[in-house]
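Below: the structure, in structure tokens.
Because only heavy atoms are used, hydrogens play no part in the values below, and waters and symmetry mates are left out as well, while side chains stay in. Ligands are counted one by one from 1 in listed order, and the atoms in each one are counted from 1 as well.
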Amino acid sequence: MLTCKDFLNELSDYLDENVDAEVKSKLQKHITECPNCWVIADTTKKTIQIYKGMDPYPIPADVESRLMCALEKKIAAKRSGA
Ligand SMILES: [Zn+2]
């Protein structure tokens with residue numbers, strides 16, 4: 001029986017398809033039984049996809065400018081001692 005620690009040790013190889021069929025099936029079985037590891041695997045997979053540019057998710061320009069604006073206001077407020 002695979003533990004969560006074993007799973008996490010193999011996770012990057014698993015996501016790279018770098019494990020043999022036996023290990024892969026064990027890892028897949030663990031995911032179906034362990035919601036925590038499922039979430040970790042799913043999140044890591046998505047992060048890798050974004051990182052590799054397979055599933056780009058750019059921040060929309062208006063969101064970015066609003067974010068910058070909010071940050072500037074916050075910094076300005078801090079500087080003025082408010
Ligand atoms: Zn687990």
Salt-bridge contact Asp20-Lys24 (side-chain N to carboxylate O under 4.0 Å): no

Identify all side-chain donor-acceptor contacts of residues 31-38 below 3.5 Å with residues at least two apart in sequence or on another chain.
from, atom 1, to, atom 2, distance (Å)
Thr32, OG1, Lys29, O, 2.7
Glu33, OE2, Lys29, NZ, 3.0

Asp62 versus Ser65, side-chain donor and acceptor atoms under 3.5 Å: no

Atom pair CG (Leu71) and NZ (Lys73), whose distance is rounded to the nearest 0.5 Å: 11.5 Å

Glu10/Lys26 salt bridge by N-O under 4.0 Å criterion: no

Inter-residue atom distance Leu11.CG - Ile40.CD1, 0.5 Å rounding: 8.0 Å

Metal environment of the Zn ion (ligand 1), protein N/O/S under 2.8 Å: Cys4 SG, His30 NE2, Cys34 SG, Cys37 SG

